[in-house]
Peer 1: 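Dumping the structure here so I can ask a few things about it.
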Protein chains: 2
Amino acid sequence: MPTYIEGSGLPADVYSAKCPTREILDHIAGKWTVLIIDALADGTMRYTDLRHRIDGISQKMLTQTLRQLESDGFVTRTVHPTIPPRVDYTLTELGHSLRTPIAALREWIETNINRIEAARRAAAL
Amino acid sequence: MPTYIEGSGLPADVYSAKCPTREILDHIAGKWTVLIIDALADGTMRYTDLRHRIDGISQKMLTQTLRQLESDGFVTRTVHPTIPPRVDYTLTELGHSLRTPIAALREWIETNINRIEAARRAAAL
DNA sequence: CGGAATCCGCCTCGATACTG
DNA sequence: CAGTATCGAGGCGGATTCCG
């Protein structure tokens, strides 16, 4: 049984360019998005924690992606007015439910990496 | 138990920028990649089939993404030397095993779209 | 500490036109 | 039918500088 979009009544379908699901797919299906959601699976993390956990991410992309996740309602940003400042990032309930498919993707890559690399070498012929 | 990278012996870890898993994540985590893999889940499809199934994809992105998937060993490209030409795309065994996590992601979006839209409106305040 | 602001090269992506 | 070629806008992403 498909889900129907509130308002339009049309069935949810990522294959349809104008379906709201398409934009969400575009937001979620990104390298940094996946890594941040997955990193927050264990619980609250500070900005610097994330920066060090996710090797190779720049300040700009971290901030930018976090803002996107926040405005999509996946992540909560909490500012503690202390000196030095402290900002915590946590998954919302919605973001929490996204954990499972995201983690599944990461785990698939990690467990199959040797098969993948072998397939790439074979495909390169 | 983690997977270890053949050759280096290091544990597979997408959080590490230099780990080969990171590049694969970058290739897989994309709007078009997800849609193509998911579309091919049902079986072989021709170029034009894919073009019509995935609403809004340009010829360029379809060709480009298919080539990427092919060189990563997820998809097989078969050319039939007929007139008019016919090209079939099929998931390899590896690509087939990727179906599960990809479909899980698509399904999560489609079933939760109304929650997501509500959360976005709430986050926008 | 947790950003914001700015600059900038490059690559992505889409639109258009053309081809065997 | 299944692409290739080209172009141009925009976004990605890194580096740097500055701030409360």
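Residue numbering restarts at 1 for every chain, and letters A, B, ... go by the order of the sequence lines. Bear in mind the structure is a predicted one, so any value in this text is a computation, not a measurement.
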Peer 1: Under a 3.5 Å distance rule, please check whether B/Asp72 uses its side chain to pair with a backbone N or O of A/Ile116 as donor and acceptor.
Peer 2: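 Judged by distance alone, no pair lies under 3.5 Å.
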
Peer 1: Heavy-atom distance under 4.5 Å between the side chains of A/Glu117 and B/Glu6, does that happen here?
Peer 2: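 The answer is no; the side chains never approach within 4.5 Å.
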
Peer 1: Report the residue (A/Arg67 or A/Pro84) whose heavy-atom-nearest nucleotide on DNA chain C is the more 5′ of the two.
Peer 2: A/Pro84

Peer 1: Measure the angle between the two terminal helix axes of the helix from C/dC1-D/dG20 to C/dG20-D/dC1, five base pairs each, and quote it to 10°.
Peer 2: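 The angle separating the two end axes equals 50°.
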
Peer 1: Are more than 12 heavy atoms, taken from residues, nucleotides or ligands other than B/His52, located less than 6.0 Å from that residue's NE2 atom?
Peer 2: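 It does not: B/His52 NE2 has 12 such atoms or fewer within range.
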
Peer 1: Mind checking which nucleotides bracket the chain A contacts on DNA chain C, 5' to 3', with an atom under 4.0 Å from a heavy atom?
Peer 2: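 So the contact region on DNA chain C extends C/dC1 to C/dC7.
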
Peer 1: Are A/Gln59 and A/Tyr47 close enough that some pair of their side-chain heavy atoms sits under 4.5 Å apart?
Peer 2: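 Touching, per the 4.5 Å side-chain cut-off.
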
Peer 1: May I ask you to list the residues of residues 16-47 of chain A, by number, that have any heavy atom positioned under 4.0 Å from an atom of DNA chain C?
Peer 2: A/Arg46, A/Tyr47

Peer 1: Do we see a donor-acceptor contact under 3.5 Å between the side chains of B/Thr76 and B/Thr90?
Peer 2: no

Peer 1: Does A/Ser71 reach the main-chain N or O of A/Gln68 with its side chain, forming a donor-acceptor pair under 3.5 Å?
Peer 2: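 Yes; at least one donor-acceptor contact below 3.5 Å.
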
Peer 1: Quick one: list whatever passes side chain to side chain contact (heavy atoms under 4.5 Å, CB included) with A/Glu107, sequence neighbours left out.
Peer 2: A/Ala103

Peer 1: With a 4.5 Å cut-off on side-chain heavy-atom distances among I, L, V, M, F, W and Y, is there a chain of contacts connecting A/Ile83 to A/Val79?
Peer 2: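 Cluster IDs for A/Ile83 and A/Val79 differ.
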
Peer 1: Under a 3.5 Å distance rule, please check whether A/Trp108 uses its side chain to pair with a backbone N or O of B/Ser97 as donor and acceptor.
Peer 2: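 Side chain of A/Trp108 to backbone of B/Ser97: a pair is present.
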
Peer 1: Any side-chain heavy atom of B/Tyr15 sitting closer than 4.5 Å to one from A/Leu35?
Peer 2: yes

Peer 1: State whether the side chain of B/Glu110 and the backbone N or O of A/Val14 hold a donor-acceptor pair below 3.5 Å, judged by distance alone.
Peer 2: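 Side chain of B/Glu110 to backbone of A/Val14: a pair is present.
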
Peer 1: Does the A/Asp26 side chain pair with the main chain of B/Lys31, one donor and one acceptor, at a distance under 3.5 Å?
Peer 2: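 A pair under 3.5 Å: no.
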
Peer 1: Looking at every heavy atom in both B/Ala119 and A/Leu94, which two are closest together, and how far apart are they?
Peer 2: CB-CD2, 3.7 Å

Peer 1: Could you check whether any side-chain heavy atom of A/Thr92 comes within less than 4.5 Å of a side-chain heavy atom of A/Val75, counting everything from C-beta outward?
Peer 2: no

Peer 1: Near DNA chain C, counting only heavy atoms under 4.0 Å, which residues of residues 54-64 of chain B show up?
Peer 2: B/Ser58, B/Gln59, B/Lys60, B/Met61

Peer 1: Can you check whether A/Asn112 reaches B/Ile24 side chain to side chain, under 4.5 Å on heavy atoms?
Peer 2: no

Peer 1: Can you give the first and last nucleotides of DNA chain D, 5' to 3', that have an atom under 4.0 Å from a heavy atom of chain A?
Peer 2: D/dC12 to D/dG20

